[in-house]
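Computed from a predicted model, the values in this text were never measured in an experiment.
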Amino acid sequence: MDLMRTSENEKGTCINCGKCSGEMTIFAGVPEEKRKLVTDRGRHLHKRKGSYLFRAGEPVGDIWILRSGKVKLCVGSPDGREMIIGIFAGGEAIWEGLFLNGSLYPYSAVCLTTVDVCAIPVHDFQTMLQDTSVAWSIITVLSRKLHDANERNMILSAKEPEVRVAKLLLYEVEHVSSPEIDLRLEDIAASLNLRPETVSRKLREMEKAGILKRTGKGKLHILDQEAIRQLAG
């Protein structure tokens with residue numbers, strides 16, 4: 001269910017937000033009535049491609065629940081290049097710094113596409129966690145996020161560029177359970193701390209080997225997942 005379309009930073013309403021939140025990973029196992037108490041207090045926004053949810057250095061005040069679209073978390077590197085910390089899609093939540101008082105965002109969140117999002121005040125979410133059953137559900141989600149972060153760190157630990165690229169492609173395929181990957185060349189490069197021309201060269205090599213096919217700008221179709229797995233080691 002899509003949120004009602006609103007302009008940038010304009011508060012909207014969604015009569016089904018409590019029910020729809022059941023599809024969100026962060027609310028897995030949380031009873032509908034408890035979800036609705038929290039989501040009814042949220043700000044429902046429609047953000048344009050290229051706009052910010054928040055910027056590095058701003059205080060953490062909300063949990064951002066993505067209804068649809070993609071968002072990247074990014075920082076600037078010392079040499080002026082962008083580094084992507086992670087990419088989030090519909091069904092996921094950005095809630096770093098949730099349990100830290102006075103926490104500031106260490107990176108910016110930029111919309112890669114148009115995005116529908118719920119911004120839920122941290123205080124309201126913390127109140128919901130006073131319920132033990134809800135708290136255990138959230139701990140489970142946090143454990144999954146930690147595992148996911150460890151996977152991404154392992155990708156960056158690879159020394160060879162082709163191994164990094166293969167590991168990221170395998171991660172994306174398994175993460176979305178689809179052979180279709182929708183990522184721009186620049187975003188892949190920024191995620192792997194590689195130069196775009198290096199990534200482009202490796203993708204061309206994989207395409208010549210029949211491992212993948214580029215189907216459009218920022219679109220890849222994985223033809224041989226086992227070959228990707230072997231390259232990833």
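Glu180 pairs by the salt bridge (Lys or Arg N to Asp or Glu O under 4.0 Å) definition with nothing, not counting sequence neighbours. Not counting sequence neighbours, the partners of Glu226 by the salt bridge (Lys or Arg N to Asp or Glu O under 4.0 Å) test are Arg229.
The shortest side-chain heavy-atom distance between Val165 and Leu194 falls under the 4.5 Å cut-off. Within the 4.5 Å cutoff, the side chain of Leu53 has heavy atoms near those of the Lys47 side chain. Looking at Asp62 and Arg43, their side chains come closer than 4.5 Å, going by heavy atoms from C-beta outward.
Hydrophobic clustering of Ile, Leu, Val, Met, Phe, Trp and Tyr side chains at less than 4.5 Å, counting indirect connections, unites Val122 with Val117.
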Ignoring hydrogens and angles, write down the donor-acceptor pairs under 3.5 Å from the side chains of residues 209-218, residues two or more places apart or on other chains.
{"residue": "Arg214", "atom": "NE", "partner": "Glu207", "partner atom": "OE1", "Å": "3.2"}
{"residue": "Arg214", "atom": "NH2", "partner": "Glu207", "partner atom": "OE1", "Å": "3.4"}

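The environment of CZ in Arg184 is crowded: more than 12 heavy-atom neighbours from other residues, nucleotides or ligands sit within 6.0 Å.
Screening Met206, Arg164, Lys202, Glu174 against Leu169 for a side chain to side chain contact (heavy atoms under 4.5 Å, CB included) leaves a single residue, Met206.
Side chain of Ser108 to main chain of Ala56: a donor-acceptor pair is present (N/O by atom type, distance under 3.5 Å, no hydrogens or angles). Of the possible polar contacts, one joining the Thr113 side chain to the Lys70 backbone as a donor-acceptor pair under 3.5 Å is found.
Ring geometry for Phe54 versus Trp64: interplanar angle of 30 to 60°, hence tilted.
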